[in-house]
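Structure record follows, encoded as structure tokens.
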Amino acid sequence: QVQLVESGGGLVQAGGSLRLSCAASGRTFSNYAMGWFRQAPGKEREFVGSISWSGGRTVYTNIVKGRFTVSRDNAKNIIYLQMNSLKPDDTAVYYCAASSGAIETARTNDYNYWGQGTQVTVSF
């Protein structure tokens, strides 16, 4: 089992920045690729970004490329989502997830463990 706890969400004005964190416990964190997803009200959960087990590779959905950055610190069992130039359309509950496949992936079904989510609200 891997337990994931997100933090760092909140209210921010458009154009601002937030950094989300996801602390992991349980099985060896560095064995897992990690991902960030989000779900806005009335919409399906969507992929945001993912990072390989080593942190050497990342992949992002096009709408956040150049604005969001996923990183990880395997020594601390934490991953981060740095979000810059935020837009109101980024408003959602953000979830981190762990994939035992170890390779970065955008597919929801590749993820075995999920956190409870943290709310991000971007105002005009």
Whether [X] side chain and [Y] backbone form a donor-acceptor pair below 3.5 Å:
X    : Y    : value
N112 : S100 : yes
Y60  : V70  : yes
N77  : G26  : no

Rounded distance (nearest 0.5 Å) linking atom OG of S71 with atom CE of M34 |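 Reported to 0.5 Å precision, the distance equals 11.5 Å.
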
Once you round to the nearest 0.5 Å, how far does CD of Q13 lie from CG of L86?
-> 11.5 Å

Kindly indicate whether the side chain of L81, heavy atoms from C-beta on, has any atom under 4.5 Å from the side chain of I79.
-> no

Check whether any side-chain heavy atom of Y94 sits under 4.5 Å from a side-chain heavy atom of E6, and report yes or no.
-> no

When you look at L20 and M83, which way does the side-chain contact (heavy atoms from CB on, under 4.5 Å) test go after all the steps?
-> CA-CA 8 Å; L20 305 184; M83 304 185 293; 3.8 Å; yes

Is it the case that over 12 heavy atoms from other parts of the model lie below 6.0 angstrom from the [atom1] atom of [X]?
X    : atom1 : answer
R57  : CZ    : yes
Q116 : CD    : no
I103 : CD1   : no

Closest approach of [X] and [Y], non-hydrogen atoms and distance?
X    : Y    : result
A24  : V2   : CB-CG1, 4.4 Å
S17  : Q82  : CB-NE2, 4.0 Å
Q119 : V93  : OE1-CG2, 3.2 Å
F29  : D73  : CE2-O, 4.1 Å
R38  : I63  : NH2-CD1, 3.2 Å
S50  : E104 : OG-CA, 3.3 Å

Partner of S99 under side chain to side chain contact (heavy atoms under 4.5 Å, CB included), picked from Y111, Y113, Y32, is Y111

For residues 6-53, the disulfide bond (SG atoms under 2.5 Å apart) pairs (sequence neighbours left out) are C22-C96

Does the side-chain contact (heavy atoms from CB on, under 4.5 Å) test come out yes or no for L4 and Y95, once each step is laid out?
-> CA-CA 9 Å; L4 303 171; Y95 300 89; over 6 Å; no

Give a yes/no verdict on a cation-pi contact between R19 and Y80, requiring under 6.0 Å between NZ or CZ and the six-membered ring centre and an angle within 45° of the axis.
-> yes

Residues which pass side-chain hydrogen bond (donor to acceptor under 3.5 Å, both in side chains) with N62, listed by chain and number, not counting sequence neighbours = K65

Is the distance between the ring centroids of W114 and F37 under 6.0 Å?
->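 Centroid separation for W114 and F37: below 6.0 Å.
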
Under a 4.5 Å side-chain heavy-atom rule over Ile, Leu, Val, Met, Phe, Trp and Tyr, are F47 and I51 clustered together?
->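 No, F47 does not connect to I51 through the hydrophobic network.
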
